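Please read the structure below before turning to the comments.
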Amino acid sequence: MALLTRIRGPRDLDRLTPEQLEALAGEIRSFLVDAVSKTGGHLGPNLGVVELTIALHRVFDSPKDKVLFDTGHQSYVHKLLTGRQDFSKLRAKGGMSGYPSRAESAHDIIENSHASTVLGWADGLAKANEVRGGDDHVVAVIGDGALTGGMAWEALNNIAAAKDRPLVIVVNDNERSYEPTIGGLANHLATLRTTDGYERFLARGKEMLNRTPVVGKPLYETLHGAKKGLKDFIAPQGMFEDLGLKYVGPIDGHDIAAVESALQRAKRFGGPVLVHCLTEKGRGYQPARQDEADQFHAVPVIHPDTGLPVKSSGADWTSVFGEEMVKLGREREDIVAITAAMMRPVGLHAFAQEFPERVYDVGIAEQHGAVSAAGLATGGLHPVFAVYATFLNRAFDQLLMDVALHRCGVTFVLDRAGVTGSDGPSHNGMWDMSILQCVPGLRLAAPRDAEQVRRQLREAVEVDDAPTVVRYSKGAVGPSVPAVRRIGGMDVLAEPGAGQPRPDVLIVSVGGLAPMCLEIASLLDKQGISATVVDPRWVKPVDESLPPLADEHRVVVTVEDNSRAGGVGSAVAQALRDAGVDVPLRDFGIPERFLDHGSRGEVMSEIGLTAPDIARQVTGLVAKLDGRYDAERAEIARD
């Protein structure tokens, strides 16, 4: 790593020869494979942008010039070139983020790790330059997958409207987001990739015609004057130019000199320019190139030589859902599936293999996916839209006004709900149970184990006149948690023995936190505090049996892997008030703040969402109640 260790900032690249730059690219790839194999992370995308990132930092003067990355999972090379070469705790607590982070470096302008937003950021920054007379450049790097998002095209519409407002858009075209990019845009970019470039054709034509006596020069000028039609015939980049964007490319994104040349031209142009770079995801690492699933988009800890995981993981929540979807697909021909460019990550790949005509990948377009689901339901089908919990935020209006208002039977399956940990604040699925509480008619299930995922998914798809939601956590699914008995629609997981006086605490357990809640009850029992643990299964609407059950206890405690603000605890409190049940309630959940990256266990411990922390606070609450009760009894005796 002789060259890489000498790079402390982007300007150190200026002293390197072309040969040294190529050697540096090789060193960076070796470093990434070695480092990320030890920690896990986004390997494939970063291996694909090595030369492109080197060229960006040679042409532009970051941080004065604003270099912005859409999503940001491809920013590892950017971090290396801006002086951050300690990857030993990548994505771990106290270590470096897996995305751009303002806290880490002035070179990280934005932290947008949700896709398709960077062009909006760039548009705003370019407008700010115009207003304040700034002379810095704004460069937005966006993948072809992110261009499937509607926000990207909304931004392009605005960017193209200002013909003289400088802004450079770099399309990192690797034909993928997680999996191959699909749709009309993908087909257009594929045409650009496989067609000889117009500029190359025109250069050859000019050379030939200028050697032709008499008619050569006039003929060339005529052809050049008709270049728009010629461009559409030779290299159909007209879609971008019709928008008002100067188009440069396609460029070999692994040719540093070619990318630099294209960026220099774009930098000099006094308006919006799109530079189209072709790259290979996972370049230089054979295990990644051979991985048909996602070319090592994101990997766990792996053996660097083979790319195989160091540890084999057991069944996870996602795979349980995926298996049940296949069974449902075999039983019901009206079941269809929707994904937003994440077929494999959300567990729909097996369904897609067996029922390819009944699965729809809408690209990175959750809003469109939700509205399309409403149309599918209105057309007599039952769509199941599987999406990460954090990404459902983007489709809330469509869920509310298109699905719920029209009473459409659509099931939303939310993967990675609650604290996800290592991907940081943007990927924690901690808002869904709060934002969905206000949707009329919506039913929300939080399964506690694999068996409940299967059962509640089946219950959800039986609803044909309202949206249903099934949400579960990230990672391995825990052991089965059996119910002692059922009250209404709720499962009782633990309760004091028969003949005991009024129980002290009712613990309302939400989803996969059931084992923790049982541990809380055990810890309370050791303090002489009796507890009932109940799993509502469907947390919206609040089960009618819950207020009467709460009235039989001295304290109600809710425990959820969701924001405390407006979550299940708030809904239960409102239900108790409406029923006239005057029992103290304490809600435990995620505080109203963005959570730093770290392991799920570390984050849960940091926010106090652990069995010992909760048991300690509940013990204190019961002790206060006992003290108040004794004081009130003494007051009565004195009277």
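Everything quoted here is computed from the prediction, not taken from an experiment.
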### Task
Measure the spacing between CZ of Phe87 and CG of Leu32 and express it to the nearest 0.5 Å.
6.0 Å

### Task
Enumerate the residue pairs fulfilling salt bridge (Lys or Arg N to Asp or Glu O under 4.0 Å) with a member in residues 416-425, sequence neighbours excluded, ordered by first and then second residue.
Arg91-Asp423

### Spacing of Ser62 atom OG and Asp108 atom CG [to the nearest 0.5 Å]
8.0 Å

### Query
Within the distance-only criterion (no hydrogens, no angle test), does the side chain of Ser30 pair as donor or acceptor with the backbone N or O of Gly26 below 3.5 angstrom?
yes

### Message
If I take atom CZ from residue Arg394 and atom NE2 from residue His368, how far apart are they, to the nearest 0.5 angstrom?
### Response
14.5 Å

### Task
Determine, step by step, whether Arg593 and Glu606 satisfy the salt bridge (Lys or Arg N to Asp or Glu O under 4.0 Å) criterion, reporting the C-alpha distance in whole Å, the side-chain angles of both residues, the deciding distance to 0.1 Å, and the verdict.
CA-CA 12 Å; Arg593 72 169 191 259; Glu606 180 184 336; 3.6 Å; yes

### Summary
The ring pair (Phe, Tyr, Trp, His ring centres under 6.0 Å) partner of His42 among Tyr99, Phe69, Phe296 is Tyr99

### Task
Only pairs at least two apart or in different chains count here, so list each salt bridge (Lys or Arg N to Asp or Glu O under 4.0 Å) that has a residue in residues 145-161.
none

### Ala257 backbone acceptor or donor facing Ser261 side chain under 3.5 Å
no

### Task
Please report the C-alpha distance between His137 and Asn129 in whole Å, then the side-chain angles of each, then the deciding distance to 0.1 Å, and finally whether the side chain to side chain contact (heavy atoms under 4.5 Å, CB included) criterion is met.
CA-CA 9 Å; His137 298 274; Asn129 268 347; over 6 Å; no

### Task
Measure from the side-chain N and O atoms of Thr420 to the backbone N and O of His427, and report whether any donor-acceptor pair falls under 3.5 Å.
yes

### Task
Check whether any side-chain N or O of Gln20 sits under 3.5 Å from a backbone N or O of Leu3 as a donor-acceptor pair, and report yes or no.
no

### Main-chain N/O of Ile7 paired with Gln85 side-chain donor or acceptor, under 3.5 Å
yes

## Note on the structure
Nearest heavy-atom approach of Thr390 to Ser426 is OG1-O, 2.7 Å

### Query
Any side-chain heavy-atom pair from Lys89 and Thr39 closer than 4.5 angstrom?
no

### Summary
dist Ile251:CD1 -> Leu52:CG (nearest 0.5 Å) comes out at 11.0 Å

#### Entry: Glu260 with Lys267: basic N within carboxylate O range, under 4.0 Å
no

### Query
Which of parallel (below 30°), tilted (30 to 60°) and perpendicular (above 60°) describes His57 and His78?
parallel

### Task
Report yes or no: does Asp70 contribute a side-chain atom to a donor-acceptor pair with the main-chain N or O of Val118 at less than 3.5 Å?
yes

### Note: Asp12-Arg6 ion pair, threshold 4.0 Å (strictly below)
no

### Message
Does any part of the side chain of Ile28, heavy atoms only, come nearer than 4.5 Å to the side chain of Thr53, both counted from C-beta?
### Response
no

### Message
Nearest 0.5 angstrom please: Glu602 CD to Ile607 CD1, how far?
### Response
12.5 Å

### Query
Which value, rounded to the nearest 0.5 Å, describes the distance between Lys93 atom NZ and Asp596 atom CG?
7.0 Å

### Message
Distance alone, cut at 3.5 Å: any donor-acceptor contact between the side chains of His276 and Tyr247?
### Response
yes

#### Entry: Aromatic ring pairing Trp317/Tyr472, orientation class (parallel under 30°, perpendicular over 60°, tilted between)
parallel

### Query
Donor-acceptor pair, Lys127 side chain versus Val131 backbone, under 3.5 Å?
no

### Query
salt bridge (charged side-chain N to carboxylate O under 4.0 Å, His left out) with Asp561: which of Arg600, Arg471, Lys474?
Arg600

